[in-house]
**Q** 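Structure incoming, see below.
Just so it is clear, the structure is predicted and the values come from calculations on it, not from any experiment.
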Amino acid sequence: MSDRIEITDFSAPQLDIYARLPENQLLHYYEPEQGIFIAESPKVIGRALDAGCEPISVLVEKRQTDEETEEIVRRCGKVPIFTAELAVISKLTGFCLTRGLLCAMRRPELPSVSQVCGGACRIAVLEQVMNPTNVGAIFRSAAALNIDGVLLTAGCSDPLYRRAIRVSMGTVFQVPWTFFDKDTPWPLEGMKCLRNMGFQTAAMALTDASIRIDAPCLETAERLAIVLGTEGDGLAAETIADCDYTVRIPMSHGVDSLNVAAASAVAFWQLAGRHLVK
């Protein structure tokens with residue numbers, strides 16, 4: 001384990017990747033190689049390490065010496081270990097971390113669509129979901145409710161953005177995921193790719209043709225892709241038209257729809273998670 005390097009000045013250059021570089025610069029930090037991301041808290045960093053992510057440096061609160069934190073620091077090996085007072089770390093994150101620990105890590109290579117879908121029975125497809133909080137919440141529900149993988153269109157927020165990682169509680173490192181790339185643009189080629197792998201597609205949308213989420217045809221589908229749309233506008237009309245089913249969640253009190261993160265939890269539970277045995 002490396003010796004600890006104390007940081008007392010918020011403007012110290014060692015803190016640039018934690019405090020001053022925007023997500024887009026972190027994404028391209030080592031271009032043309034993969035960039036970096038920032039993980040926060042022992043649980044989240046531990047899940048990233050379990051997934052094989054490579055640490056670059058660690059920033060730990062000076063007085064944080066509990067066993068879980070020390071174990072994560074040991075697991076990070078011989079990378080620079082920076083320490084700072086809680087006030088400095090809170091200024092970095094914008095809020096007070098109960099367990100003051102941050103880790104900069106290299107982004108892993110993304111798998112292909114076929115690798116994510118290989119052996120999967122239930123996957124989620126996110127179309128233009130741009131809010132990182134919603135992306136993180138969807139991943140947390142996917143991990144909890146038996147979703148085998150997540151595919152994202154090019155307009156989605158990156159699951160390795162700092163806020164998405166934090167909201168997901170590190171489940172972005174547990175559920176396989178990738179973006180549709182230029183060779184399988186969504187929806188035309190992406191939908192064709194899913195069908196070639198044996199998936200039926202269920203668009204979560206309100207139309208005159210929508211079926212209830214508890215329709216037997218959905219539960220008995222051997223392989224099902226649950227397609228969720230952007231906040232506000234929902235799914236594109238061409239996506240809905242291309243899907244095998246259009247699905248609605250029954251509502252009361254005149255409510256017509258749920259936030260995409262809440263809708264994903266209901267959909268995942270009904271279509272993948274409710275047969276889980278604890």
Side-chain angles (χ1 to χ4, degrees), residues 1-2 17-18 21 23 26-31 33-60 67-81 93 97 99-126 129 132-152 156-181 261 264-265 268 272-273 276:
M1 186 171 65
S2 301
I17 59 175
Y18 293 102
L21 295 187
E23 298 283 9
L26 294 177
L27 177 63
H28 299 286
Y29 195 78
Y30 288 121
E31 208 165 45
E33 297 180 27
Q34 297 293 316
I36 64 179
F37 64 89
I38 307 297
E40 302 173 357
S41 85
K43 182 185 289 291
V44 171
I45 297 167
R47 286 176 172 169
L49 292 170
D50 291 343
C53 296
E54 178 187 346
I56 299 169
S57 67
V58 174
L59 176 62
V60 61
E67 186 175 334
E68 185 181 20
T69 297
E70 290 303 310
E71 174 59 21
I72 292 297
V73 171
R74 282 194 294 272
R75 289 184 64 187
C76 287
K78 295 184 178 181
V79 301
I81 308 295
T93 61
L97 278 176
R99 310 286 290 280
L101 185 65
L102 302 170
C103 185
M105 311 183 92
R106 285 184 179 269
R107 283 175 168 263
E109 290 281 348
L110 288 180
S112 65
V113 170
S114 60
Q115 286 172 324
V116 169
C117 294
C121 295
R122 294 290 185 269
I123 64 168
V125 177
L126 309 188
V129 179
T133 297
N134 283 336
V135 169
I138 291 169
F139 266 88
R140 191 169 182 180
S141 293
L145 298 172
N146 210 30
I147 296 298
D148 301 311
V150 178
L151 303 176
L152 303 99
C156 286
S157 179
D158 193 313
L160 293 186
Y161 279 177
R162 194 157 161 175
R163 186 166 183 81
I165 295 172
R166 182 167 67 244
V167 173
S168 82
M169 288 299 294
T171 54
V172 294
F173 305 113
Q174 296 177 307
V175 179
W177 62 272
T178 198
F179 282 91
F180 287 102
D181 59 24
S264 74
F268 297 164
L276 286 169

**Q** Is the closest side-chain donor-acceptor distance between R163 and T133 under 3.5 Å?
**A**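 The answer is yes; a qualifying pair exists.
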**Q** Measure across A120 and D148 and return the closest heavy-atom pair with its distance rounded to 0.1 Å.
**A**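 Result for this residue pair: CB-CB, 3.5 Å.
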**Q** How close do L26 and I17 get, heavy atom to heavy atom, and via which atoms?
**A**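 What the structure gives for the nearest pair is CD2-O, 3.8 Å.
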**Q** Compare every heavy atom of L49 with every heavy atom of C76, then report the nearest pair and how far apart it is.
**A**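 The pair with the smallest heavy-atom distance is SG-CD1, 4.2 Å.
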**Q** Hey, are the side chains of N146 and F268 touching, using non-hydrogen atoms and a 4.5 Å cut-off?
**A**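 Sidechains of F268 and N146: no contact.
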**Q** Given side chain to side chain contact (heavy atoms under 4.5 Å, CB included), test F179 with V113 step by step and report yes or no.
**A** CA-CA 7 Å; F179 282 91; V113 170; over 6 Å; no
**Q** Here's one to test your reading of the geometry: is the NZ or CZ of R106 within 45 degrees of the ring axis of Y30 and under 6.0 Å from its centre?
**A**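 That pair qualifies as a cation-pi contact.
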**Q** Hey, are the side chains of R47 and M169 touching, using non-hydrogen atoms and a 4.5 Å cut-off?
**A**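 Contact flag for R47/M169 side chains = yes.
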**Q** Would you name the heavy atoms of P108 and L160 that are closest together and state the gap between them?
**A**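 Looking at all heavy atoms of both residues, the closest pair is CD-CD1, 4.0 Å.
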**Q** Is the F139 to F173 ring centre distance short of 6.0 Å?
**A**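 No, too far apart.
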**Q** Look at the side chain of S112 and the backbone N and O of Q115, then say whether any donor-acceptor pair between them is shorter than 3.5 Å.
**A**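 Yes; judged by distance alone, with no hydrogens or angles, the pair exists.
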**Q** Is there a side-chain contact between P132 and I165 (heavy atoms, below 4.5 Å)?
**A**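 The answer is no; the side chains never approach within 4.5 Å.
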**Q** Taking all heavy atoms of R107 and all of Q34, pick out the closest pair and write down the distance.
**A**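 Nearest pair, atom of R107 first, then Q34: O-CB, 3.3 Å.
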**Q** Indicate yes or no: at least one non-hydrogen side-chain atom of I81 is less than 4.5 angstrom from one of V73.
**A**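 Contact flag for I81/V73 side chains = yes.
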**Q** Hey, could you give me the OG/CD distance between S41 and E68, rounded to the nearest 0.5 Å?
**A**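 Nearest 0.5 Å value for the OG-CD distance: 8.0 Å.
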**Q** From S168 OG over to I138 CD1, what is the distance, rounded to the nearest 0.5 angstrom?
**A**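 The distance works out to 11.5 Å.
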**Q** Is the shortest side-chain heavy-atom distance between L102 and V58 below 4.5 Å?
**A**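 Result no, sub-4.5 Å side-chain heavy-atom pair not found.
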**Q** What is the minimum heavy-atom distance between C117 and L151, and which atoms define it?
**A**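 Heavy atoms of C117 and L151 come nearest at SG-CD1, 3.9 Å.
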**Q** When you compare the side chain of L152 with that of V129, does any pair of heavy atoms fall below 4.5 Å?
**A**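 Of all side-chain heavy-atom pairs linking L152 with V129, none is under 4.5 Å.
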**Q** Let me confirm one number: the CG-NZ distance from L101 to K43, rounded to the nearest 0.5 Å.
**A**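 Output value for this atom pair is 13.5 Å.
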**Q** After noting the C-alpha distance and the side-chain angles of R162 and E40, does the key distance pass the salt bridge (Lys or Arg N to Asp or Glu O under 4.0 Å) rule?
**A** CA-CA 8 Å; R162 194 157 161 175; E40 302 173 357; 2.6 Å; yes
**Q** First locate atom CD of E23, then atom NE2 of H28, and finally report the distance between them rounded to the nearest 0.5 Å.
**A**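 Interatomic distance, E23 CD to H28 NE2, rounded to 0.5 Å: 11.5 Å.
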**Q** Find out whether V116 and W177 are in side-chain contact, i.e. whether some heavy atom of one side chain is under 4.5 Å from a heavy atom of the other.
**A**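 The answer is no; the side chains never approach within 4.5 Å.
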**Q** Are the side chains of L126 and S264 in touch, meaning some heavy atoms are under 4.5 Å apart?
**A**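 They are not in side-chain contact.
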